[in-house]
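See below for the structure under consideration.
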Amino acid sequence: MTSEPLTTAGNAVDPLFDPFAEGFTDDPYPQYARLRETAPVHENPFGFWVASGHDDVSALLRSGASVEMRNVTAFDAAGQGQAGQSAMPATDDVSMLHRDPPDHTRLRRLVQKAFTPRAIKALEPRIAELTDGMLDEIAAAASVDLVPTLAFPLPFAVIAEMLGTPPTDHARVRDLSGTAIRALEPVNDEDVMSAIVAAQEELVGITAEMIAWKRGHPADDLLTALIHAEEDGDMLSEDELVAQVLLLYIAGHETTVNLLSGGTVAPCCGIRTSSPRFAPIRRSCRERSRSCSATTAPSRRAGGSLWNRWCWAASRSPRGRS
C-alpha cells in the first residue's frame, strides 16, 4: 500500500509533507517547519484536514468541537490507512478520550473517584524504589539506550502496580502496548496495520481477563477502585472498564515515555552533576536523540470534517516557543 504525499504543485518529487521519508521519525521538525510556512491549514487528499500552526491548533483545541467519529461525514475512511492512519480499537467508542459531554463528563467523574490524592501519594515510595533500581543498573553500564532501559519500562511498571494487575505476562502486554500505540503514527504498511489491530484485540482480551480476576481478588488498588466506582447508582460497564484501563495502559504509558526521554534529550548534555549514575545517560544523549515522538494529538470533528491537530508542529513554531 502506498500513498501520494501532499505537494506544493502536485509534484510528487517535491513533497510538501511526507511522514514516510527517511529520517522523519528521528527528526520530523524540518518538515513541520516547511508545513507551517507553506500550508499551516490544508485538506489532505484523503479527506481529513490538518492544522499545524500554533494559533490554529490552539483555536481547535479550545473550540469545543466533537471528538466522536460519528460526527464526521466528509471523510474517506478507506483512504485513512493509505494516508498513514490506522483504526483505533473498538473500545475507543466508550473511552473518555473519544467521547463528548455528557458521556465524557460521566466517565471522567467515575474514573476520578479512583484517583484520590491519598492513593496517588501512596505510590511515591514505590515509584522512587523502581526508579532507583533502574538507575543503579544504568550506573553499572558503560553506555545506555535511555528508552528501553528507563523511559519505556518504568511507567509500565508503575501503571501495572498502580492498577494491581494480576500475575500475567507483563513483557507480552508491554510489547502489545508498544505495537498498539503505533495507531497514532503515520503507517502505510498493511502488515503493520494488521499487527496494530491484532495487538489491540489481544490487549482487549487480556484486560477483560484482568478485570475478571480482580473481581474475585479485590485489593487496595486502582483497578479494584475502578470496578467499584459509583455515583448515584451509576457504575462503569464492562466495556467501559476495559476502555479506561486500556487508556491508562496505552495513552498514559506512551506520554510518560515521551516525557522521560524527550525531557532528557534537550538538557542532558549539560547536566551539571558529577554523579556517575548520569554519565551513561550523558554519553547516550550525545550520540543519538531518537526519542521525541512524532505522533499527533487525538483528532477533532468539526463541520462534519475530520481534523488532525499536529501539536508537535505547533509547539515548535515561534509562537509556540514564546
Would you please name every residue forming a salt bridge (Lys or Arg N to Asp or Glu O under 4.0 Å) with [X], sequence neighbours left out?
X      : value
Asp100 : none
Glu129 : Arg126
Glu37  : none
Glu209 : none

Nearest non-hydrogen partners of [X] and [Y], listed with the distance:
X      : Y      : value
Pro125 : Ala122 : CD-O, 3.5 Å
Pro155 : Val257 : CG-CG2, 3.9 Å
Ser261 : Val147 : CB-CG2, 4.0 Å
Leu236 : Val111 : CD1-CG2, 4.5 Å
Ala157 : Leu130 : CB-CD1, 4.2 Å
Ala21  : Gln31  : CB-NE2, 3.7 Å

Nearest-0.5 Å distance that lies between atom [atom1] in [X] and atom [atom2] in [Y]:
X      : Y      : atom1 : atom2 : value
Leu248 : Ser95  : CG    : OG    : 9.5 Å
Tyr32  : Phe24  : OH    : CZ    : 4.0 Å
Ile196 : Asp189 : CD1   : CG    : 9.5 Å
Leu226 : Ile211 : CG    : CD1   : 8.5 Å
Thr105 : Met96  : OG1   : CE    : 11.0 Å
Leu203 : Ser177 : CG    : OG    : 5.0 Å

Evaluate the side-chain contact (heavy atoms from CB on, under 4.5 Å) criterion for residues Met235 and Leu110: first the C-alpha distance (whole Å), next the side-chain angles of each, then the deciding distance (0.1 Å), finally the verdict. CA-CA 7 Å; Met235 301 180 72; Leu110 287 170; 5.8 Å; no
Can you list every ring-ring contact (aromatic ring centres under 6.0 Å, His included) pair that touches [range], not counting sequence neighbours?
range            : value
residues 125-150 : none
residues 111-144 : none
residues 125-168 : Phe152-His253, Phe156-Tyr249, Phe156-His253

Not counting sequence neighbours, which residues clear ring-ring contact (aromatic ring centres under 6.0 Å, His included) with His217? List them please. Trp213
What I'd like to find out is whether the side chain of [X] reaches to under 4.5 Å of the side chain of [Y], using heavy atoms alone.
X      : Y      : value
Thr207 : Leu223 : no
Lys214 : Asp221 : yes
Leu146 : Leu260 : no
Ile227 : Thr224 : no

Group every Ile, Leu, Val, Met, Phe, Trp and Tyr by side-chain heavy-atom contacts under 4.5 Å, then state whether Val245 and Ile120 land in the same group. yes
Common cluster, Leu123/Leu222, ILVMFWY with side-chain heavy-atom separation under 4.5 Å: yes
Sequence-distant partners of [X], side chain to side chain contact (heavy atoms under 4.5 Å, CB included), two or more places apart:
X      : value
Ser194 : none
Ala225 : Ala114
Thr255 : none

Can you check side-chain contact (heavy atoms from CB on, under 4.5 Å) on Leu176 and Thr179, steps first, answer last? CA-CA 5 Å; Leu176 290 171; Thr179 300; 5.7 Å; no
Before giving the answer on side-chain hydrogen bond (donor to acceptor under 3.5 Å, both in side chains), spell out for Arg62 and Ser58 the whole-Å C-alpha distance, their side-chain angles and the decisive distance to 0.1 Å. CA-CA 6 Å; Arg62 291 171 169 78; Ser58 180; 2.5 Å; yes
Show, in sequence, the C-alpha distance, side-chain angles and deciding distance for Leu107 and Gln244, and conclude whether the side-chain contact (heavy atoms from CB on, under 4.5 Å) test is met. CA-CA 9 Å; Leu107 291 169; Gln244 310 328 310; 4.0 Å; yes
Give the C-alpha distance, both sets of side-chain angles, the deciding distance and a yes or no for side-chain contact (heavy atoms from CB on, under 4.5 Å) between Arg99 and Glu68. CA-CA 6 Å; Arg99 299 299 294 177; Glu68 297 184 13; 3.8 Å; yes
What pairs with Arg106 under side chain to side chain donor-acceptor pair (under 3.5 Å), at least two apart in sequence or on another chain? Asp234, Glu240
Under 3.5 Å donor-acceptor, Glu202 side chain and Val204 backbone: no
